[in-house]
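First the structure, in the form of structure tokens, and then the observations on it.
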Amino acid sequence: MLEEPPPRVSVLTADPDDGTLVATALAGGAEAFGTLVERYDRAVYHLCLRTMRDPEEAKDCTQEAFFKAFRSLRTFKPGAKFSTWIFTIAYHACCDRLARRKRYSDGEMPDAADPGPGPSQTAEQNDEARALRAAIEGLPEKYRTVITLYHLQGRRYEEIATVLDVPIGTVKTHLFRAKDLLRKALTT
Amino acid sequence: MMNDDMDDLDRALFALPLATPPDGLRAAILGATVFAPARVTVPIARAWEMWVGGIALAVAAWLCVALVAYKGFAAEFNANIDQTVRAFGEPSTIVWFAGGLVVTAALLYVSDRNFRLPLRGARS
């Protein structure tokens with residue numbers, strides 16, 4: 001059995017915890033929300049970029065997600081995970097945009113061009129990582145999103161299922177297929 | 001369902017760095033949320049306008065209640081409606097209406113002819 005990998009977002013989590021920050025923001029300390037933005041903007045942008053495959057749209061979705069979260073902070077349930085909540089909002093923002101994109105296009109929407117290497121990517125010397133990223137880019141949307149959330153949240157299937165609003169079984173199936181496709185892409 | 005023979009793939013996945021957000025993204029988010037300028041709320045009406053409106057509404061409500069509470073209200077109301085409908089059906093009323101319509105149409109026709117100025121370019 002694999003050991004449980006730490007979720008990506010927990011690396012960023014330091015005291016005070018997210019729940020405290022939300023409570024502080026609700027009590028009028030708006031700067032606390034700024035700390036949440038600092039903690040999660042990168043992860044949310046990563047999810048949006050992987051889902052949208054367009055840096056501009058990913059940027060817009062990220063902004064939209066945080067704006068919506070800020071406006072509806074009162075609806076955040078105490079005890080819930082902020083990361084799951086913000087990922088859910090971001091994923092819905094992406095889905096809305098993808099639906100609009102499909103509506104305005106005839107038939108199958110071609111995938112957006114690969115944005116090319118960014119500053120951090122050029123610095124990266126690891127060919128394996130580059131190949132893996134390219135393989136993820138080549139996955140169908142549902143698999144790409146599930147593998148991205150797996151990457152961000154670790155092996156927490158329940159949270160991935162919450163974000164995607166699908167049963168855990170579906171998450172596991174999609175992950176299995178996504179990994180299978182990745183493995184095939186990496187070995188060819 | 002999950003394969004446990006994918007250790008390498010899992011490790012590679014978790015080692016992948018997150019995408020770098022574009023410059024200014026965080027500032028834009030903070031600018032739209034935490035540091036957004038406070039909204040100036042403009043009242044719909046001034047205080048005295050609200051008072052006047054409230055008093056007018058109260059008087060109107062009181063009148064309605066007084067009318068409905070009046071014993072013979074329903075009978076008188078129905079009688080008035082009947083009388084009005086009957087009046088509209090009488091030949092003299094119809095003749096007066098027709099006369100009014102003819103006079104209005106004639107006035108419109110006459111005024112339109114007299115006051116229509118010729119276009120500047122059409123003058124010779």
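- Grouping the Ile, Leu, Val, Met, Phe, Trp and Tyr side chains by contacts below 4.5 angstrom, directly or via other members, places B/Ile81 with B/Val68.
- Counting heavy-atom neighbours within 6.0 Å of B/Asn78 CG, excluding the residue itself, gives a total above 12.
- B/Leu16 contributes atom CG, which lies 4.5 Å from atom CG of A/Leu132 (distance to the nearest 0.5 angstrom).
- Both B/Phe77 and B/Leu67 are members of a single hydrophobic cluster when ILVMFWY side chains are connected at heavy-atom separations under 4.5 Å.
- Closest approach of B/Arg26 to A/Glu38, counting heavy atoms only: NH2-O, 3.4 Å.
- At least one side-chain heavy atom of B/Thr33 sits under 4.5 Å from a side-chain heavy atom of A/Phe67.
- Linking Ile, Leu, Val, Met, Phe, Trp and Tyr residues whenever their side-chain heavy atoms come within less than 4.5 Å leaves B/Trp96 and B/Ile94 in two separate clusters.
- Around CG of A/Asp165, the count of heavy atoms belonging to other residues, nucleotides or ligands within 6.0 Å does not exceed 12.
- Side-chain contact between A/His46 and B/Pro17: absent, with no pair of heavy atoms (C-beta onward) separated by less than 4.5 Å.
- Proximity of a side-chain donor or acceptor of A/Arg42 to a complementary backbone N or O of B/Leu18 within less than 3.5 Å is detected.
- Taking all atoms of both residues into account, the shortest heavy-atom contact from B/Leu13 to A/His151 is O-CD2, 3.2 Å.
- Counted within 6.0 Å of CD on A/Glu158, heavy atoms from surrounding residues, nucleotides or ligands total 12 or fewer; the atom is thus considered open.
- Distance CG/B/Leu25 to CZ/A/Phe66: 8.0 Å, rounded to 0.5 Å.
- If you measure heavy-atom distances from A/Leu186 to chain B, the contacts under 4.5 Å come from the side chain alone.
- For the atom pair A/Asp41 CG and B/Leu30 CG, the distance stands at 8.0 Å (nearest 0.5 Å).
- Closest non-hydrogen pair, A/Tyr150 versus B/Phe14, comes out as O-CE2, 3.2 Å.
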